[in-house]
Number of protein chains: 2
Amino acid sequence: MSIKQPVTINDVARRAQVSVSTVSNVLTGNRPVSAKTRAQVMLVVEELGFRPNRLARGLVSRSSKTIGIVASGLEYFGPSRTLVGIEQEASERGYSLILSLIHEPATEEVEPIVNHLITHQVDGIIWAIPQIGQNRVWWKSAVERLPVPVVFLNHAMWPGSLGVDIDNCQGGFMAASHLLANGFVNIGLIAGPGQWYAAEMRKKGWETALHEAGRAIDPRQLAEGDWTPQSGEQAFFDLMRRYPEMDAVFAANDQMAIGAMRAASDLNLRIPEDIAIVGFDDVPEAAFTRPRLTTVRQPVVGLGRLSVKALIRLIAGEMEPGDAGVGAMLQPSLIVRESSQRVAR
Amino acid sequence: MSIKQPVTINDVARRAQVSVSTVSNVLTGNRPVSAKTRAQVMLVVEELGFRPNRLARGLVSRSSKTIGIVASGLEYFGPSRTLVGIEQEASERGYSLILSLIHEPATEEVEPIVNHLITHQVDGIIWAIPQIGQNRVWWKSAVERLPVPVVFLNHAMWPGSLGVDIDNCQGGFMAASHLLANGFVNIGLIAGPGQWYAAEMRKKGWETALHEAGRAIDPRQLAEGDWTPQSGEQAFFDLMRRYPEMDAVFAANDQMAIGAMRAASDLNLRIPEDIAIVGFDDVPEAAFTRPRLTTVRQPVVGLGRLSVKALIRLIAGEMEPGDAGVGAMLQPSLIVRESSQRVAR
DNA sequence: AGCACCGCATAAAACGTTTTACACGTCAAT
DNA sequence: ATTGACGTGTAAAACGTTTTATGCGGTGCT
C-alpha cells in the first residue's frame, strides 16, 4: 500500500548500474554514450516508465521548452484557427504551450499576464492580441523589458520587433477590385471597428482600389460595424438609407456580410442582381448562404505556424527582432462565389 | 554591459537583510511573518521586480498550479467557447493552462500527450476530446494509471470517473418536441457522425420525442452528416428524395442546418411553410439566416468553467471521482426563431 | 618510452525555490 | 523559578534534473 512515488532519474541510474549523469546523457543526447550503455539505460527507462520532470529540467537548463500565448477572441474564426496552427507547429517542434486569454483586447492591463508567463520561464511569447487603437503603445514598456523574445500576430510592423500578419490591405483591395471588375460601381464598405488595425487595413485596401479606378470616396458609402452579424445588418440598413445608389458592398468579415445579406433580403433586394456582397474570412458557412458568399480567405492556420517558426528562430538566436525578414506578411486569396457575379445563376 | 541576470529570492533576501525562508514565507503566506518584516520584504520585492520562478517552486512544493487541457476541434463553435470558459475559471483561481490539441479525436494514440502533460507536473487534466466510438475504452488504461485527477468533458458518465456534459438528449428532445407542438408531423433528422456520443444523444432525444408522440420511426427519415454545412446540404437532398412527405427536419448542429437551409432553398421549398428546420448550437450566424434559425443553445462557456471547478475540487481532495455529483449535466435551452413556426412572419 | 588526446563514465555542483528542524525570546501558567 | 507554548526568524535539507570538472584506460604520434 505504498504511495505511488514517481520514479526519478536516480531510480533509473541505480537500477541500470550507471551514474545519473549517464542517464541524463542518454536521454538528452547532450553527450555521447556508448551503444551498450545506452541500450542498458533505455531498457530500464522503459521498464520503470520513467518520465523526466520538466520542472527540474527547466530549472537547471534554463530553457523550459515552453512558449506563452497571449490571445483573445478565441470565439472567432480567425483567432481559433490560428491557435490551432500555433499548437501544431509548436508540438511538432517539441514546445509546449501555455495559454493566457485576455477578455478585453483593448486593455492596458497586461503586466499580470506577462508576469505570469515569465514566472513560468517561457522561452518566448506569441502576442496574438489584435492591435487596437493605442494598445500596443501602452504595452510597449511592459513588452520591451521582457527577458524573452516576442512575436506579434496581427500587428503593424514595428521597428525593432518581429511581427507576422495577413496582408489585410491587399485583401481589401482584392475584394473591391473584384467588384469593380464585375461592373459594380457604387461600392459601400461595412468596416470593422475603427480602432482595429486589421479593420483599418481592409478599409485602406478598399479605398485604394476605388482610387485606382478613379472614383472619389464619399463618407456616405462607409459604415462601421463591430464584427457581429447584428452590426452588419444594421450597417447595411444605414448604408442603403443614406447611399441608395449603392450596388455592391464589401463587409470586413463574413459575419457582418451575413448580417448584410439578411438585411438586403429584408429590403427585397436581390443578391447579386440588385446588390453584390463580398465578405472576409471564408468561414465554413460562407459557401452555404443563399447566394453563396464571395469572400477573402486568410491563411490563418499558416499564420499560426509561421509565428511559431519565427519565434523559435528568435529563441535560437538565429535571428534578431530587428531583421523583420521577408515572408512575415501572408497573402490572402479571393474566393469568388455567387454573391458578387453579375451573371450569377 | 552585464547580461541581465534574473533576480532571485536570494537577491531579495540579501537586500532586505532577512533570510530566504522569510522572503518565501512573506510571498507564499505559508507561515506568519511580522508586519514590519513583511513590509520591508515587500518593498524590496517591488524595488527589484522579483518574479518567483515557478519551476523551482513547483519542483519542491510538488504542485505546479497548472492544469493540462487535452482538446480537439477548436475550429468549431462549442469547443472553442468551452476553452474560453476553462481559461477564465482557471485564471481566476490561479491556475495556468497547458494546452495539447489532438487532430484526430478518434485516435488511439494518447500516451504521448499524456506523458507530455505529466512531465510538466500538471496538477490535473481536463479531457476535452469528444467521445467517439470506443476511443474512451482505448484510453482507459492510459488514463487510469495517471497520477493526477482527470475530468471528462462531453463524455458519457462512467463509473469511477468524473465527467461534466451538456444534456444532449434533452436538447434533441426539446427540438423535436417543439416541432411536434407546432404541428409538424414528419420530422427528419440530420444526425451527427454515428460514432460521436453527443450525436447519439441528440438522436436519442429526437427519437424519444417522436415515440412519446406515438409516432413510429422509419429509417428513411434519418440521414447522417459529419457536422459540416456541406454534409448538411447533402443529407437534406437525400432525405427529401427518399422521404418526400418530410415537413420538418432537426439538424444536430447549426452548420448542417445552414447547409440544409441552402438545399431546401435550392429545391424551392419555403421555410418554414414547406419545411421547418431546427439546429443545435446557436452559432452567432443562426440569428441572421433567412429565415432566422430556431436552434438549441448550449451553455458551453459554463461547461468549461464547471469542468475546472470540478477538477480543482478533485485536486484539493474534497471530492472523489466516484461521487459524480449532481449538476454535472448542464441543460441546454431552445431558442425559437422563424425557421420552425407555422405562423412565421 | 613518453606524451597528448580521445571516448566514455562519474561525482559533485549547480538551478531557485519551499519545507523542515531548530533557536531564541517572551509570556502565561504552574 | 520552572515549564510549556507561542511567535518569529534562520540554516540547511530537500526537490529532480543538467552541467561542469575530473578521472581513467586506450590509441596514435613523436
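So that the names make sense, note that chain A is the first sequence line, chain B the second, and so on, each numbered from 1. Hydrogens, waters and symmetry mates are skipped; everything else that's a heavy atom, side chains included, is used.
Near-neighbour residues of DNA chain D inside residues 37-60 of chain B, defined by a heavy atom below 4.0 Å, number-ordered: T37(B), L59(B), V60(B). Scanning residues 14-35 of chain B for heavy-atom distances under 4.0 Å to DNA chain D yields V18(B), S19(B), S21(B), T22(B), R31(B), V33(B), S34(B).
With sequence neighbours excluded, the residues forming a side-chain contact (heavy atoms from CB on, under 4.5 Å) with A56(A) are N53(A), L59(B), listed by chain and number. Residues meeting the salt bridge (charged side-chain N to carboxylate O under 4.0 Å, His left out) test with R313(B), sequence neighbours left out: E318(B). Among residues two or more places apart in sequence or in another chain, the side-chain contact (heavy atoms from CB on, under 4.5 Å) test is passed with S80(B) by S80(A). R14(A) meets the salt bridge (charged side-chain N to carboxylate O under 4.0 Å, His left out) test with D11(A); sequence neighbours excluded. With sequence neighbours excluded, the residues forming a side-chain contact (heavy atoms from CB on, under 4.5 Å) with T66(B) are H120(A), S64(B), S96(B), I98(B), V122(B), listed by chain and number. Qualifying salt bridge (charged side-chain N to carboxylate O under 4.0 Å, His left out) partners for R93(A), counting only residues two or more places apart in sequence or in other chains: E89(A).
Side-chain contact check for S21(B) and S24(B): no donor-acceptor pair (N or O, by modelled atom type) lies under 3.5 Å. Side-chain contact of R305(B) with Q88(B): a donor-acceptor pair under 3.5 Å is present, judged by distance alone.
Atom CD of E104(B) has more than 12 heavy atoms from other residues, nucleotides or ligands within 6.0 Å.
End-to-end axis angle of the helix from dA1(C)-dT30(D) to dT30(C)-dA1(D), from C1' rotation axes over five pairs per end: 50° (rounded to 10 degrees).
The separation between N10(A) atom CG and dT10(C) atom P is 13 Å, rounded to whole Å.
Within the structure, every pair that satisfies the salt bridge (Lys or Arg N to Asp or Glu O under 4.0 Å) test and touches residues 35-50 of chain A, not counting sequence neighbours, is listed here: R15(A)-E47(A). Residue pairs meeting the salt bridge (Lys or Arg N to Asp or Glu O under 4.0 Å) criterion with at least one partner in residues 106-135 of chain A, sequence neighbours excluded, are E111(A)-R145(A).
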**Item:** Step-by-step side-chain contact (heavy atoms from CB on, under 4.5 Å) determination, V143(A) to F152(A)
**Value:** CA-CA 11 Å; V143(A) 173; F152(A) 289 88; 3.8 Å; yes
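On the nucleic acid side, DNA chain D contacts chain B at distances under 4.0 Å to non-hydrogen atoms, with the end points of that region at dT8(D) to dG16(D).
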